[in-house]
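Okay, so here's the structure we're looking at.
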Amino acid sequence: MINHLAVLGGTGDLSARFLLPALAALRAAGHLDDGFRLTAVSRQDWDSARFRQWATTQLDRHADTCPADARQAIVNAARYQQADVTDPSGVAALIAPDEPLAVYLALPPALFPAVVTALHRAGLPPGSRIVLEKPFGEELADAVALNRLLADTLPEDSVFRVDHFLAMTTVQNVLGSRLANRVLEPIWNSTHIAEVEIVWDETLALEGRAGYYDGVGALKDMLQNHLLQLLCLVAMEPPLTLGERDLRDRKVDVLRSVRPLSDADVVRRTRRARYLAGRIGDRDVPAYADEEGVDPGRRTETFAEVELELDGWRWSGTNFRLRTGKALAADRKEVAVHFRAVPHLPFGHGGEALPNSLTFGLEPEGLTLDITGIGSKTHTFVPLELTARMDPPELPAYGRLLLDVLNGDPALSIRGDEAEEAWRVFEPVLSAWSRGVVPLGEYAAGSDGPVGERPGPGSGSGSGGPWRERSGTDGPVPGGRPRSARGRAPTARPRGAP
């Protein structure tokens, strides 16, 4: 286990909100001992005492449920170094000749090539590791070039391209549920599953992140990495083991099977939009174009929806819909598996036998199965909902992520070829959108998102069609079923019953 973690960009938001609390959680769980050391690196003119004071404040704010002694242990283990992380001489001071260290690049992705080059020239000791946050480049060519730089610096199993979604217990439960239950795997194919929705809708607006978000947008920020990772876990063939080779090979197989999109497909199977001014709960939200730090001329989308198809025996004929949006009326963060309707119903029964669905709630955590049964009235179908409450995870997602880095387990990190395949999937969409092939729509903040024809088979003619903003919050969630309740013990009851 590596006992020295260097965080480049150690005074930033990622360090404050996630990395420091994750380290405190690891200490509280007994995964870090007194030999652990943390070095925070930034350009700010601070010393170690100033950093420890700042770190104490951040831990009190973001890790208040963690024991005080664990928080203090992380503060005591920390030191600060002022440096230009793109200069080999600046990062060389981090490196002890015979001691491996883990270097976490908590930096804007645009700096990755210069920083990796500096680390390569400074000479990392054998056994060291580099950690990079998504996105991995801004397009396929960037990802290829970055992979070449990384390959010159460290072996592939020492490079951790991390996506904290993969470390979420609820995300891992998608794969665990289908592989650990005999009742699911035999029907986990296009014969029985019509559509899979992977959704991350949130009420949060820009929240001061213009410096990052306006140059990225919803598709790159969420669909190209986080939601595509979820698609891999849903669609992958059962791996022989959950070791890094078997698991990551099967994920790459999924990405390679995604059917390429032509311009006509992009028009028919994608949507993009950004929010106008509106009201969410008790707060007024300005239009995205009016948010501080936003360049309206970039036409950055805050809503993105893409429908994909996979070529292969298991999934031919199943639609995979990926959707995300900001400043919406309600949070909806889930993977919803929609099964096909039964081919025949006995005569003489009233009511409607709705297609079954299995929903993995990501935030809040939960599992819901919607089925049909016979209600209190004879010969009448009623919908039933089976719900399960998930126990809180032992470690936060970033805690699991950092533990894997320090222990040298890359199974949940993204391999170089996988990063490149993920860009290949979305390059046709990004290219078509940049050329205006799909118009940038609008929707009011606090609404359910853009209205109009949905992409893909669900849109009738499949033309994609014009669509406009929705000013209210009435009506169903576009592309979704009614939101199920969460957080109850396992039950079976008619949906909608008190």
Side-chain angles (χ1 to χ4, degrees), residues 165 168 170-171 173-174 195-209 213 217-219 221-223 226-227 230 271-288 291 301-307 321-338 354 357-370 383 385-390 441-455 458 467-488 493 495-498:
F165 266 50
M168 295 168 62
T170 48
V171 169
N173 195 45
V174 173
E195 181 175 81
V196 177
E197 288 186 287
I198 304 174
V199 179
W200 192 271
D201 286 353
E202 53 189 352
T203 56
L204 287 176
L206 192 56
E207 312 298 329
R209 297 178 67 218
Y213 193 88
L219 188 142
D221 185 50
M222 290 297 302
L223 267 63
H226 295 323
L227 302 194
L230 290 172
R271 295 195 295 172
R272 63 181 183 133
R274 65 182 177 186
Y275 62 82
L276 299 171
R279 188 171 181 82
I280 304 175
D282 59 356
R283 76 184 197 277
D284 292 320
V285 176
Y288 177 81
E291 293 268 23
E301 80 283 351
T302 61
F303 173 97
E305 185 175 2
V306 176
E307 188 177 82
R321 190 183 306 277
L322 281 59
R323 164 191 161 124
T324 189
K326 283 189 170 295
L328 295 173
D331 292 321
R332 181 189 174 208
K333 302 172 182 179
E334 63 188 24
V335 176
V337 180
H338 301 287
L354 299 174
S357 64
L358 176 64
T359 302
F360 301 88
L362 305 176
E363 284 187 6
E365 302 166 355
L367 186 66
T368 301
L369 175 64
D370 294 324
E385 182 181 88
L386 310 178
T387 64
R389 181 178 59 225
M390 315 299 290
E442 296 175 327
Y443 61 98
S447 72
D448 291 326
V451 297
E453 293 188 60
R454 292 169 56 194
W467 43 277
R468 61 189 185 282
E469 67 174 276
R470 174 185 297 225
S471 59
T473 59
D474 55 328
V477 178
R481 61 177 181 81
R483 298 179 181 88
S484 297
R486 296 283 189 266
R488 292 186 293 272
R493 62 177 183 83
R495 288 198 296 273

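For clarity, every value in this text was computed on a predicted model and none was experimentally measured.
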With sequence neighbours left out, write down each residue that passes side chain to side chain contact (heavy atoms under 4.5 Å, CB included) with N173, or none if nothing qualifies. S177, F360, M390
Test ring-ring contact (aromatic ring centres under 6.0 Å, His included) applied to F165 - qualifying residues, sequence neighbours left out: W200, H226
L354/D370 under side chain to side chain contact (heavy atoms under 4.5 Å, CB included): CA gap, chis, key distance, verdict: CA-CA 9 Å; L354 299 174; D370 294 324; over 6 Å; no
Return the set of residues passing side chain to side chain donor-acceptor pair (under 3.5 Å) with E207 (not counting sequence neighbours), or none when no residue passes. none
Contacts of type salt bridge (charged side-chain N to carboxylate O under 4.0 Å, His left out), residue E202, not counting sequence neighbours: K326
Results of side chain to side chain donor-acceptor pair (under 3.5 Å) for D282 - residues two or more places apart only: none
Once side chain to side chain donor-acceptor pair (under 3.5 Å) is applied, do any residues pair with T324, and if so which ones, sequence neighbours excluded? none
Minimum heavy-atom separation for A336 and T359, please, with both atom names. CB-OG1, 3.9 Å
Nearest heavy-atom pair of D448 and A329: which atoms, and what distance? OD1-CB, 3.7 Å
R271 and R323, any side-chain heavy atoms less than 4.5 Å apart: yes
Check whether E195 reaches the backbone of R321 with its side chain - one donor and one acceptor, N or O, closer than 3.5 Å. no
If only side-chain N and O atoms count, and only distance matters, is there a donor-acceptor pair under 3.5 Å linking Y443 with T302? yes
L362 side, atom CG; E334 side, atom CD - distance, nearest 0.5 Å: 7.5 Å
Correct closest heavy-atom pair for P286 and Y275 would be O-CE1, 3.2 Å
With a 4.5 Å cut-off on side-chain heavy atoms, are L227 and V306 touching? no
Between R283 and A205, which heavy-atom pair has the shortest distance, and what is it? NH2-N, 4.0 Å
Main-chain N/O of A218 paired to E301 side chain as donor or acceptor, under 3.5 Å: yes
Closest approach of I280 to A327 (non-hydrogen atoms, all atoms of both residues): CD1-CA, 3.6 Å
Check: L367 and L358 side chains under 4.5 Å, non-hydrogen atoms: yes
